[in-house]
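Since the structure comes first, as structure tokens, the remarks are kept for the end.
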Amino acid sequence: MSSSKNILVIAPHPDDETLGCGGTLLRHIDEGDKVYWLICTTITQKLGYSIDRLNLRQNEISDVFMSYGFVGYKQLSFITTELDLVSKRKLVIEISKYVHEVKPHTIYIPYRNDVHTDHAQVFDASIACTKSFRYPFVRKVCVYETLSETEFGMRTDDPGFKPNMWVNISDYLDRKIEIMNIFESELGEHPFPRSESCIQAKALLHGTIASCKYAESFIQIKSIR
């Protein structure tokens, strides 16, 4: 039996990790790996959110953390939707601190060409924290797709999200959807892309490629064995 590995999922916003690779994270935990969660942004009153909404979001994060059984998590103080106003150096420094703390074997990061600009900033800063000569413990880096972000990326120079790795999550999809429901304000009814039916449909489609009932897909961009 393989030894336990440290796994880090980096999310621009709370819920990206669940939409992108929630089933895979649950499978990691079920197989004995230790999963850590880094959230790169936060909402504030400056953006028009009420104190009640801020408190609700923190409760959601806490509930999601407990529901997964993550070993640890950290939320950075950068304001959501404004990462393009932050120097890349600052973002790299903060992500690097947590990467060095966790020393992950595998890191999951968002797709660079997602429609939300925060995702591109997080991708670039995260990649800077996977150099083998500075982070020798990082052996695998995988890019996840995020419903409502990846499929709406319309850059003409974007080749599109073309996965080369699939993970069977047939035993974990129901739990993934349960956890996603904790982010109550982020879900909607079909045809809203962040809906239960869409999450299931995406997993069903990838399952046909992976020859299983449900799967999640990734672009594996680094693998050292």
Side-chain angles (χ1 to χ4, degrees), residues 1-41 61-76 91-92 94-112 119 122-123 125-132 134-147 150 163-173 175-180 182-183 199 203 206 210 212 214-225:
M1 183 176 179
S2 60
S3 59
S4 173
K5 297 180 178 66
N6 287 356
I7 309 298
L8 174 61
V9 57
I10 302 178
H13 321 98
D15 82 356
D16 290 330
E17 76 298 320
T18 301
L19 289 168
C21 52
T24 300
L25 299 177
L26 288 166
R27 178 167 174 167
H28 272 297
I29 293 168
D30 195 38
E31 292 175 350
D33 293 332
K34 298 176 181 178
V35 179
Y36 297 80
W37 181 24
L38 177 62
I39 307 165
C40 294
T41 63
I61 291 171
S62 178
D63 289 347
V64 167
F65 170 74
M66 296 298 293
S67 294
Y68 272 110
F70 291 153
V71 174
Y73 87 92
K74 182 175 183 178
Q75 183 173 20
L76 304 181
L91 186 55
V92 168
E94 293 305 315
I95 292 177
S96 178
K97 287 178 183 177
Y98 199 60
V99 171
H100 275 297
E101 180 181 335
V102 171
K103 291 182 170 51
H105 171 278
T106 301
I107 298 180
Y108 291 95
I109 62 176
Y111 184 54
R112 192 186 193 283
H119 289 222
V122 170
F123 176 94
S126 298
I127 287 299
C129 299
T130 65
K131 297 176 181 178
S132 298
R134 296 192 187 279
Y135 309 87
F137 41 80
V138 177
R139 312 300 284 179
K140 184 183 289 188
V141 180
C142 301
V143 177
Y144 58 82
E145 58 180 330
T146 307
L147 277 173
T150 306
N164 56 15
M165 174 183 141
W166 289 261
V167 176
N168 184 341
I169 62 162
S170 301
D171 294 333
Y172 305 100
L173 180 65
R175 185 63 180 145
K176 167 178 172 166
I177 292 174
E178 287 178 12
I179 293 174
M180 188 60 207
I182 296 173
F183 296 113
I199 293 170
H206 287 310
C212 59
Y214 298 118
E216 288 173 337
S217 69
F218 303 89
I219 302 174
Q220 181 175 276
I221 58 176
K222 179 176 183 177
S223 182
I224 302 175
R225 298 183 64 183

For the atom pair CG (L26) and CD1 (I169), what is the distance rounded to the nearest 0.5 Å?
8.5 Å
Determine the minimum heavy-atom distance between I179 and T18, stating which atoms define it.
CG2-OG1, 4.1 Å
Below 4.5 Å, heavy atoms only, C-beta onward: do M180 and I199 meet side chain to side chain?
yes
Among V9, V99, L8, which one satisfies side-chain contact (heavy atoms from CB on, under 4.5 Å) with Y36?
L8
Apply the test side-chain contact (heavy atoms from CB on, under 4.5 Å) to residues Y144 and L19: give CA-CA distance (whole Å), side-chain angles for both, the deciding distance (0.1 Å), then the verdict.
CA-CA 9 Å; Y144 58 82; L19 289 168; over 6 Å; no
How far does CD of E17 sit from CG of L38, to the nearest 0.5 angstrom?
10.5 Å
Of all residues at least two apart in sequence or in a different chain, which pass the side chain to side chain donor-acceptor pair (under 3.5 Å) check with S96?
Y135
In terms of heavy-atom contacts, M165 and V167 come closest through CE-CG2, 3.9 Å
Please determine whether the number of non-hydrogen atoms from other residues, nucleotides or ligands lying under 6.0 Å from atom NZ of K74 exceeds 12.
yes
Taking salt bridge (charged side-chain N to carboxylate O under 4.0 Å, His left out) as the definition, give me every residue that meets it alongside R134, ordered by chain and number, with sequence neighbours left out.
none
Where is the tightest heavy-atom contact between S4 and G32, given as atom of each residue plus distance?
OG-O, 2.8 Å
Not counting sequence neighbours, which residues clear ring pair (Phe, Tyr, Trp, His ring centres under 6.0 Å) with F65? List them please.
Y73
Taking salt bridge (charged side-chain N to carboxylate O under 4.0 Å, His left out) as the test, write out the residues that go with K222, two or more places apart.
none
Applying side-chain contact (heavy atoms from CB on, under 4.5 Å), can you list everything that pairs with S170, at least two apart in sequence or on another chain?
N168, C212, K213, Y214
Please report the C-alpha distance between V143 and I221 in whole Å, then the side-chain angles of each, then the deciding distance to 0.1 Å, and finally whether the side-chain contact (heavy atoms from CB on, under 4.5 Å) criterion is met.
CA-CA 7 Å; V143 177; I221 58 176; 3.9 Å; yes
So, for P12 and T41, which heavy atoms are closest and what is the spacing to 0.1 Å?
O-OG1, 2.6 Å
What's the shortest heavy-atom distance between C40 and L76, and which atoms?
O-CB, 3.6 Å
With S217 via side chain to side chain donor-acceptor pair (under 3.5 Å) - residues at least two apart:
E145, H206
Can you name the residues that form a side chain to side chain donor-acceptor pair (under 3.5 Å) with Y111, not counting sequence neighbours?
D158
Applying side chain to side chain donor-acceptor pair (under 3.5 Å), name anything that partners K97, two or more places apart in sequence or on another chain.
E94
List the residues meeting salt bridge (charged side-chain N to carboxylate O under 4.0 Å, His left out) with R27, not counting sequence neighbours, and say none if there are none.
E31
Using side-chain contact (heavy atoms from CB on, under 4.5 Å), reason through R139 and S223 one step at a time and then give a plain yes or no.
CA-CA 6 Å; R139 312 300 284 179; S223 182; over 6 Å; no
For E101, salt bridge (charged side-chain N to carboxylate O under 4.0 Å, His left out) partners two or more places apart:
none
Can you give the donor-acceptor pairs under 3.5 Å from side chains of residues 103-110 to other protein atoms, not counting sequence neighbours?
{"from": "K103", "atom 1": "NZ", "to": "H100", "atom 2": "O", "distance (Å)": "2.8"}
{"from": "Y108", "atom 1": "OH", "to": "H28", "atom 2": "NE2", "distance (Å)": "2.8"}

How close do T146 and T150 get, counting heavy atoms only, and between which atoms?
N-OG1, 2.7 Å
Give the intermediate values and the outcome of side-chain contact (heavy atoms from CB on, under 4.5 Å) for residues Y172 and T24.
CA-CA 8 Å; Y172 305 100; T24 300; over 6 Å; no
Look up atom OG in S126 and atom CD1 in I95, then write down how far apart they are to the nearest 0.5 Å.
4.0 Å
What residues, two or more places apart in sequence or in another chain, satisfy side-chain contact (heavy atoms from CB on, under 4.5 Å) together with N164?
I219, Q220
No-hydrogen, no-angle side-chain donor-acceptor test under 3.5 Å, E216 and W166:
no
